[in-house]
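Atoms considered below: every heavy atom in the structure, side chains included; atoms not considered: hydrogens, waters and symmetry mates.
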Amino acid sequence: MIRNIIKSFMCKRNLAPILHDKERNGFRSYINEADLPPSKRKRLENLPVFSKKNKTEISNEITSSARNDLTEPKRLGISMTDYFSIEQLKDHIHNLSQYNQGSTGNTTVRSVSENVNVCQLCGIDKLVFVPTPMYCSSCCKCIKRNLIYYWAVDEADGRHCFCTKCFRKCCGDDNVSCQGLSISKNKFQKAKNNDRNEEPWVQCDKCECWQHQICALYNAKKDLEGQAKYICPFCRLKEIEAGEHVSLPISIGAQDLPRTMLSDHIEQRLFTRLVLERNERAKLSGHDANEVPGASDLIVRVVLSVNRNLKVNQQFLDIFHNEDYPPEFQYKSKVILLFQKIGGVDVCLFGMYVQEFGSECAPPNRRCVYISYLDSINYFKLDIQTVKGEALRTFVYHEILIGYMDYCKKRGFTTCYLWACPSIKGEDYILYCHPKSQKTPKPEKLRLWYKSMLRKASEEDIVVNYTNLYDHFFAPSIRNSAAHLPYFDGDYWSGAAEDIIRNIETENRGDKVKKLMTKSTLKAIGHDNVYADSTKDILVMQKLGQTILPVKEEFIIVNLHVVCTNCQQAILSEGRWSCKQCKNFHMCAKCVTLQKTHTSSNGEEHLLSKVVMDEDDIPASTEDQDAIIENDIFENRHSFLSFCEKNHYQFDSLRRAKHSSMTILYHLYNNIRLSKTDSGFEREQFEGQGPLKVKLMGVLVHASQCRATLSNPCSFSGCLKIRELFQHVSRCNVRVAGGCALCRKIWSLLHWHSQHVKISVA
């Protein structure tokens, strides 16, 4: 009976090795239950404790029994190392052997030769994930480690946690009520925030040694049924050197994600700029460009591009009784990622969320772009400086931003908004769990980082000029309405304005607001004739300006096209009138006076000259020609962070960043959905790039070269099916022209492959 229970566990691939228990001087089997199917889960406490002698005997019996049960060859490709060359395998083994030298905390380092129960790759016993952040459902603050909290599961809203203070505050006689929630008091359980999640393990099918799944680059999500074959890097290296194994075809990576016009534009510009930068370093050092190192294996992809509707908060709408302010704004949400191949794995290094409000959107959001979040990790290869003294990774990240703004400008967007605010220590914007060695920049340093990027963009005439939100909307000489402020999803100033409105209404109860601002006060700030309905608007702008003033440099406004000095609107057509002596003085046709002059800052009268604008300078429509790209993972930054936290996809070390990127890419292949563009036409560049065909790319290449026979069958998943299609095509008389569905399938794959090869060679 015991043997059958153990066998049912050992047949699974994602379980931990038999670990030494010092306190009990014996061995017990430890399984990561979360990774097992529900039908295979057992209670760990029911497993017996074995002596060292019994452990060896039982392990041999189980292995022998398991091998006898195998009637079909197991498929490969479950680990990235199946695709590695000899050099990549050696490099992977060497890097992991050095890992424990830099490990601190949450580890038990042992010599592999002294104890067989440590990971054979990194030489470490237990590795524990960073604890998943837990937040109180009432105060929204993080519940600190080792503190008591209360939790309950509500059928409608899921799991809710309360810190001790909020639980006592919200707890009534029968229910716990907070922010619309009402959960029975009896459902709550008391707990301590001290959970420790250990990294899962995997056993080599050949040498039967154990490794961490992360060290092994093993994707357990591909092998939920335990039918795959795992060969460790040590055994795989020996097989290749002995001529017993040929590495699998190139694995599907970031380059196989759908390409878009935007990703192509950013990528091509980045590559061009990197060539110029490399030539500059070569010239300075007196060497040929090929003799100096350069950044390589970079891939830019758009992984989300969906249409959204942003509803305006009713409290915000209520202050515009006499304004035609829209109740909602349409925009497109996009996510842009940068990958770099490091040690044979595409590692996600950089990501940003953007919001695009096109020409069809109502003012004040029309033709605006909002870069809402930006995040990166410092694993970029190469760690060198450019000729100008900045880090090469900074150069690359700047070029991605500049490339994006350049693309937006060409599409007809006029303004880009940036919020230069660093994350709070211990919290993440996009990528979960940064390395400890990566310091969070101070606000001043981050502002300088953005301004350095904007100066480069200005030198290339991509950016006309830039200012800040306060100087543009709140300066004492400017009389503006909150209706002129852009309203973005999750931005600071709209949220702050709504808080101010809420406080005003709470303190003054609606119609008493005007008493806060007497006629003399209104006149002093430049408002002579004020209607009752506009008093609240004036008060909101005054208080919001006071809030933003101390940190005004954090809210950056970038003008991508020339703006009228008088009305502060982008000049889109009908020409403009500019001063040749004052660089940034421009007037639109509506604002220019009959005299065609203006008074400069020193009191001189300057003539204005008409500048004829090319009709192609600013497109009439910002319509996006790229396809819609949907996926559930990157729907918003909170959903992606939650997804990574739940699955322990961390970026705090390079080994974890590799594994996390690998599994995130796997999920993307299975979740990305492409649909037609906004104009209703499918772009040719997306033909055949569905998730299924992307996956079949590697199988197609492998099957065309495979020499397997009936006596020596191929273990590569899908190979047999593709080879059967090849055989069908060679015999079929109907063909594609006659409507054969099987011929059409293989033709579609071959057509996509031919397009892919052309792109790669170019």
Side-chain angles (χ1 to χ4, degrees), residues 14 16 19 30 32-35 95-96 98-109 118-119 121-136 140-149 151 159 161 163 191-202 211-221 342 345 347-351 373 375-379 422-441 633 637-664 667:
N14 48 354
L19 300 173
Y30 176 84
N32 189 343
E33 286 190 65
D35 291 327
N95 290 337
L96 288 173
Q98 303 297 311
Y99 177 73
N100 60 24
Q101 297 180 10
S103 298
T104 57
N106 294 336
T107 62
T108 305
V109 181
V118 300
C119 174
L121 288 168
C122 69
I124 300 175
D125 189 345
K126 295 181 181 180
L127 280 169
V128 180
F129 288 114
V130 172
T132 303
M134 186 182 300
Y135 297 92
C136 175
C140 299
K141 293 181 179 179
C142 185
I143 300 174
K144 295 182 179 179
R145 292 286 292 171
N146 298 315
L147 291 185
I148 299 296
Y149 70 98
W151 67 276
R159 191 172 188 264
C161 301
C163 64
K192 193 175 184 179
N193 187 16
N194 60 356
D195 291 343
R196 288 169 62 87
N197 295 296
E198 183 185 339
E199 285 190 11
W201 297 71
V202 62
Q211 294 97 32
H212 299 114
Q213 290 186 14
I214 290 177
C215 292
L217 291 174
Y218 179 89
N219 188 354
K221 303 297 183 182
I342 303 175
V345 182
V347 180
C348 183
L349 300 178
F350 174 95
Y373 289 98
D375 201 359
S376 67
I377 50 174
N378 60 0
Y379 299 132
S423 61
I424 300 172
K425 186 177 181 181
E427 295 189 4
D428 303 297
Y429 277 158
I430 302 174
L431 302 173
Y432 173 52
C433 197
H434 287 59
K436 291 182 179 179
S437 60
Q438 184 171 345
K439 297 180 180 179
T440 303
I633 301 171
R637 78 173 191 95
H638 298 291
S639 64
F640 180 62
L641 271 177
S642 178
F643 169 77
C644 291
E645 290 171 357
K646 177 182 176 182
N647 293 282
H648 302 292
Y649 294 158
Q650 301 177 185
F651 289 82
D652 56 337
S653 65
L654 182 56
R655 62 184 283 279
R656 283 179 173 169
K658 287 181 178 180
H659 187 268
S660 298
S661 298
M662 176 192 75
T663 47
I664 288 169
H667 285 287

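- Of all non-hydrogen atoms in S639 and I633, the two that sit nearest each other are OG-O, 3.2 Å.
- H659 pairs by the ring-ring contact (aromatic ring centres under 6.0 Å, His included) definition with nothing, not counting sequence neighbours.
- Closest non-hydrogen pair, S423 versus T440, comes out as O-CG2, 3.3 Å.
- Side-chain atoms of Y379 come within 3.5 Å of backbone N or O of S653 as a donor-acceptor pair.
- What you find for N647 and K221 is that their closest heavy atoms are OD1-NZ, 3.6 Å.
- One finds the CZ atom of F640 at 10.5 Å from the NE2 atom of H667 (value rounded to the nearest 0.5 Å).
- Contact detail for E645 and T132: the closest heavy-atom pair is O-OG1, 3.5 Å.
- Within the 3.5 Å criterion, the main-chain N or O of P131 finds no donor-acceptor partner in the side chain of H648.
- With sequence neighbours left out, C433 forms a side chain to side chain contact (heavy atoms under 4.5 Å, CB included) with V130, Q650, D652.
- Applying the salt bridge (charged side-chain N to carboxylate O under 4.0 Å, His left out) rule to R655 yields the partners E199; only residues at least two apart in sequence or on another chain are considered.
- The side-chain heavy atoms of W151 and C161, taken from C-beta on, include a pair separated by under 4.5 Å.
- Atom CE of residue M662 and atom SG of residue C348 lie 14.5 Å apart, to the nearest 0.5 angstrom.
- Every residue two or more places apart in sequence or in another chain was checked for a side chain to side chain contact (heavy atoms under 4.5 Å, CB included) with D195, and none qualifies.
- Checked by atom type and distance alone, the side chain of E198 never pairs as donor or acceptor with a backbone atom of L127 at under 3.5 Å.
- Interatomic distance, CD of Q211 versus CH2 of W201, reported as 9.0 Å (0.5 Å rounding).
- Remark: K144 engages L147 in a side chain to side chain contact (heavy atoms under 4.5 Å, CB included) (not counting sequence neighbours).
- Taking the side chain to side chain contact (heavy atoms under 4.5 Å, CB included) definition, one finds that D375 meets it with Y429, I430, L431, H434, sequence neighbours left out.
- Screening T663, V345, L121 for a side-chain contact (heavy atoms from CB on, under 4.5 Å) with L217, the sole residue that qualifies is V345.
- One distance of note links CD of Q438 with CD1 of I377; it measures 7.5 Å at 0.5 Å rounding.
- Separating the CD1 atom in I124 from the CG atom in L96 is a distance of 9.0 Å, to the nearest 0.5 Å.
- A distance-only check finds no donor-acceptor pair linking the side chain of S661 to the backbone of K658 [under 3.5 Å].
- The two residues Y432 and Y649 make their nearest non-hydrogen contact at CD2-O, 3.5 Å.
- Closest of all the heavy-atom pairs between C163 and C136 is N-SG, 3.4 Å.
- Note that the CD1 atom of I664 and the SG atom of C644 stand 4.0 Å from one another [nearest 0.5 Å].
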